[in-house]
Chemist: 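Please find one structure pasted underneath; my questions will follow.
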Amino acid sequence: MSKQFDVIVIGGGPGGYIAAIRASQLGFNVACIDEWKNSKGGSALGGTCTNIGCIPSKAMLQSSEYFDQASHHFVDHGIEVKGLSLDIAKMLGRKDAVVKQNNDGIVYLFKKNKVTFFHARASFVAARDGAYDIKVAGSVEETISGKHIIVATGSNARALPGTPFDEENILSNDGALRIGAVPQKLGVIGSGVIGLEMGSVWRRLGAEVTILEGLPTFLGAVDQQIAKEAHKAFTKQGLKIELGVKVGEIKNGKKGVSVAYVNARNEAQTLEVDKLIVSIGRTANTIGLNPEAVGLGLDERGAIVVDGECKTNLPNVWAVGDVVRGPMLAHKAEDEGVAVAERIAGQHGHVNFNTVPWVIYTSPEIAWVGQNEEQLKTAGHAYKAGTFPFMANGRARALGDTTGMVKMLADAATDEILGVHIVGPLASELIAECVMAMEFRASSEDIARICHAHPSLSEATKEAALAVEKRTLNF
Ligand code: FAD
């Protein structure tokens, strides 16, 4: 008889491994199947996020930021660095070690929580007797059976039509995190989160970086006051960003890549680069899952169709994370994983999509939660806005990093916070207070009255809250 489980999770990224742990905590007999292979062919739990996404990109952003600081900014602090050099192999090795720590951490967590792990590809076989048969194809092949299935198979980088990734010259996020020597000229297609983060890494390490963006607006999903401030900062750092371009033929030769494009003024241009990163979005991944075997519903883009509770069209089959609708963010995947495990246990798992924070880990960082000014205007929602620049924040001055601002938007009548938008130092950390405030449905006055440590960057959030009522104390 095949092995029976209460819950089988397919995919060991942040959506899947967290769902498996939570389901196990709730008393279920849980299996998780993940096929990711490390360079030696072994398992590497954690999915895109841990292996070629969130974690390695942040490791490289940190290393490159230190290099940039040492090259250009230590001198402002009276620290002179002579003979500064770069060991890319060591930097990449450190990044790989950070990834491995995270892979190993999940193995430990599975052992601790008694989750049975299969390093294998999973595919649906059939629905049978109120359960689902799942083929597990790894070093051995077997079929296991689960009452509940949680699909968390993630997403893949989208290639430009006719221009496949070779990960040598034409790079997805995977190759972009493994470039062995700093390219003299680097092209990036797409100025979204990944394009900006990867472009920043290699710019800081010395590459001449040009980003080509098809849309006419920079960071169109971001509050435009914040986006403009970020654009100014990136341009000053030397990132060349061309908006409103139409990319044409891409030639991948021995000496590099040439990209033909038409710019916003309708002029034909060619960009010659050593390497090209293509970051034009990601597509839901169901490769090899065999959803047809059980009639699992996909939409026209290949994402698994789910309702607000992550239920698919099949009883007891759930799907979470990048493979379903909604923002492709690790913490959204994790929260959906927890909520689904709790729903299976008869509890009321819940994900509040209005308070999912977004972060771009550039320098300055960009972070936001809730609605932006453009969205409120379009919705005809009456609001008050308060902004506070880091230029007027003592801690930011001491850090030597005064770019940017905190912007708070609150309901004109009730003062409830509707959104907070930050561009500046450690925006990724500052946003947590704002997420919590919105979860508790705080007013801007609540934040304005809370004691914030001095000197701290968080005082800029308090001052932005004071600015909503036009009563800043330090500006
Ligand atoms: P994934 O992490 O993609 O995991 C899916 C797993 O399922 C993989 O291990 C895959 O091998 C496995 N799998 C797929 N099919 C099968 C099968 N049939 N059988 C067995 N296993 C299978 N998000 C953030 O929130 N913050 C960030 O800073 C951030 N930075 C990013 C940087 C980059 C460069 C990239 C590319 C992404 C970044 N993201 C970030 C997005 C984040 O990585 C994803 O949102 C997140 O990984 C989605 O989690 P998931 O569990 O849905 O899928």
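Counting starts at 1 for both ligands and their atoms, following the listed order.
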Chemist: So is T48 polar-close to ligand 1, meaning N/O to N/O under 3.5 Å?
Modeler: yes

Chemist: Hey, are N103 and N51 close enough side-chain-wise for a donor-acceptor pair under 3.5 Å?
Modeler: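 Checked: N51/N103 side chains pair up, N/O donor to acceptor below 3.5 Å.
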
Chemist: Without swapping roles, check the side chain of E208 against the backbone of Q184 for a donor-acceptor pair under 3.5 Å.
Modeler: no

Chemist: Would you say A330 and ligand 1 have an N/O pair spaced under 3.5 Å apart?
Modeler: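 In this structure, A330 places an N or O atom under 3.5 Å from an N or O of ligand 1.
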
Chemist: How far is atom 52 (O) of ligand 1 from its nearest protein heavy atom, and which residue and atom is that?
Modeler: D322 N, 2.9 Å

Chemist: Polar contacts were defined as any N/O atom of the residue lying under 3.5 Å from an N/O atom of the ligand; does this apply to N173 and ligand 1?
Modeler: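 There is no such contact.
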
Chemist: With K147 as reference, evaluate D6, D129, D133 under the salt bridge (charged side-chain N to carboxylate O under 4.0 Å, His left out) test and give the passing residue.
Modeler: D6

Chemist: Taking only heavy atoms of I33, which atoms of ligand 1 are found under 4.0 Å from at least one of them?
Modeler: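 Selected atoms, number and element: 20 (C), 21 (N).
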
Chemist: Which atoms of ligand 1 are found less than 4.0 Å from any heavy atom of N285?
Modeler: 14 (C), 15 (N)

Chemist: Nearest to atom 20 (C) of ligand 1 by heavy atom, A152, G11, A120: which?
Modeler: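 Nearest option to atom 20 (C) of ligand 1, by heavy atoms: A120.
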
Chemist: Please report whether ligand 1 has a polar contact with E197, defined as an N or O pair separated by less than 3.5 Å (distance criterion only).
Modeler: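 So ligand 1 has no N or O lying under 3.5 Å from an N or O of E197.
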
Chemist: Give the numbers and elements of all ligand 1 atoms closer than 4.0 Å to a heavy atom of S155.
Modeler: 3 (O)

Chemist: Taking distance alone, with no angle check, do R121 and ligand 1 share an N/O pair under 3.5 Å?
Modeler: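 For ligand 1, there is no N or O atom that lies under 3.5 Å from one belonging to R121.
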
Chemist: Taking N or O atoms only and a 3.5 Å limit, does A333 qualify as a polar contact for ligand 1?
Modeler: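 By distance alone, the answer is no.
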
Chemist: Do any N/O atoms on R282 end up under 3.5 angstrom from N/O atoms on ligand 1?
Modeler: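 The answer is no, given that R282 and ligand 1 share no N or O pair closer than 3.5 Å.
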
Chemist: What is the nearest protein non-hydrogen atom to atom 15 (N) of ligand 1, stated with its residue, atom name and distance?
Modeler: T153 CG2, 3.2 Å

Chemist: Counting both backbone and side chain atoms, is some N or O of A122 under 3.5 Å from an N or O of ligand 1?
Modeler: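 N/O-N/O distance below 3.5 Å exists for this pair.
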
Chemist: Which residue holds the protein heavy atom closest to atom 10 (C) of ligand 1, what is that atom called, and what is the gap in Å?
Modeler: D34 OD1, 3.8 Å

